[in-house]
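Below: the structure, in structure tokens.
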Amino acid sequence: QVQLVESGGGLVQDGGSLRLSCAASGRAFSSYTMGWFRQAPGKDREFVAYISWSGASTFVAEPVKRRFTISRDNVKNTVYLQMNNLKPEDTALYYCAADRSGVLDTTASRYDYWGQGTQVTVSS
């Protein structure tokens with residue numbers, strides 16, 4: 001069992017930056033693909049980014065690829081999402097997720113473990 005705890009969300013102005021962190025319990029963290037998803041009120045959960053177990057492969061969704069960066073520290077059992085030039089449309093609850101199969105996937109249903117989410121609100 002893996003527990004994921006997100007932090008770093010908050011209220012920021014249009015154009016601001018935030019760095020989200022997701023701390024994971026369990027020794028197997030370094031073998032998992034990690035992903036970030038977000039869900040805005042009234043909308044479906046949306047893929048944001050994933051990173052392979054080693055950190056060598058990353059993929060960021062097109063709407064945010066020029067502004068968001070995903071990274072991980074397997075010593076600290078933590079994955080990060082650096083978000084720059086935030087826009088009001090980025091407002092959402094951001095979740096991290098772990099895929100124990102190690103497959104690189106953008107589909108939420110493929111991920112096995114989820115955190116509770118951290119709220120990001122961008123004011124205009």
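Heads up: numbering here begins at 1 and tracks the sequence.
Side chains of Glu6 and Tyr94 form no contact here, defined as non-hydrogen atoms less than 4.5 Å apart. The side-chain heavy atoms of Tyr50 and Asp105, taken from C-beta on, include no pair separated by under 4.5 Å. Using a 4.5 Å heavy-atom cutoff, the side chains of Ser17 and Val12 are not in contact.
Atom CZ of Phe37 sits about 4.5 Å away from atom CH2 of Trp114, to the nearest 0.5 Å. The CD atom of Glu89 lies 7.5 Å from the CG atom of Asp14; values are rounded to the nearest 0.5 Å. In this structure, CG in Asn77 is found 8.0 Å from OG in Ser25, a value given to the nearest 0.5 Å. Once rounded to the nearest 0.5 Å, the distance linking SG of Cys96 with CD1 of Ile51 reads 12.5 Å. For the atom pair CG (Asn74) and OG (Ser54), the distance works out to 8.0 Å, reported to the nearest 0.5 Å. Note that OH of Tyr113 is 4.0 Å distant from CZ of Arg100, once rounded to the nearest 0.5 Å.
When each of Asp90, Thr118, Thr91 is tested with Arg38 by the rule side-chain hydrogen bond (donor to acceptor under 3.5 Å, both in side chains), just one qualifies, namely Asp90.
Linking Ile, Leu, Val, Met, Phe, Trp and Tyr whenever their side-chain heavy atoms come within less than 4.5 Å puts Met34 and Val60 in one cluster. In terms of hydrophobic clustering, with Ile, Leu, Val, Met, Phe, Trp and Tyr side chains grouped at heavy-atom distances under 4.5 Å, Tyr95 and Leu86 are assigned to different clusters. Linking Ile, Leu, Val, Met, Phe, Trp and Tyr residues whenever their side-chain heavy atoms come within less than 4.5 Å leaves Met83 and Phe59 in two separate clusters.
In terms of heavy atoms, Leu93 sits closest to Gln116 at CD2-O, 4.2 Å. Asp112 and Ser101 get closest at one heavy-atom pair: OD2-N, 4.2 Å. Closest approach of Leu4 to Ala24, counting heavy atoms only: CD2-CB, 3.5 Å. The shortest non-hydrogen separation linking Leu104 to Ser57 is CD1-CB, 4.0 Å.
The closest donor-acceptor contact from the side chain of Tyr111 to the backbone of Thr33 lies at 3.5 Å or more, if one exists at all. Without hydrogens or angle criteria, Ser124 side chain to Pro88 main chain gives no donor-acceptor distance under 3.5 Å.
Note that Arg72 lies outside the cation-pi zone of Tyr32, set by a 6.0 Å cut-off to the ring centre and a 45° limit from the axis. Because its NZ or CZ atom is both nearer than 6.0 Å to the ring centre of Tyr80 and within 45° of the ring axis, Arg19 counts as a cation-pi partner of that residue.
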Could you check Trp36 against Val79 for side-chain contact (heavy atoms from CB on, under 4.5 Å), going step by step and ending with a plain yes or no?
-> CA-CA 9 Å; Trp36 284 98; Val79 62; 3.9 Å; yes
Before giving the answer on side-chain contact (heavy atoms from CB on, under 4.5 Å), spell out for Trp53 and Asp99 the whole-Å C-alpha distance, their side-chain angles and the decisive distance to 0.1 Å.
-> CA-CA 10 Å; Trp53 66 271; Asp99 181 342; over 6 Å; no
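Heavy-atom neighbours of Gln119 CD from other residues, nucleotides or ligands within 6.0 Å: above the threshold of 12.
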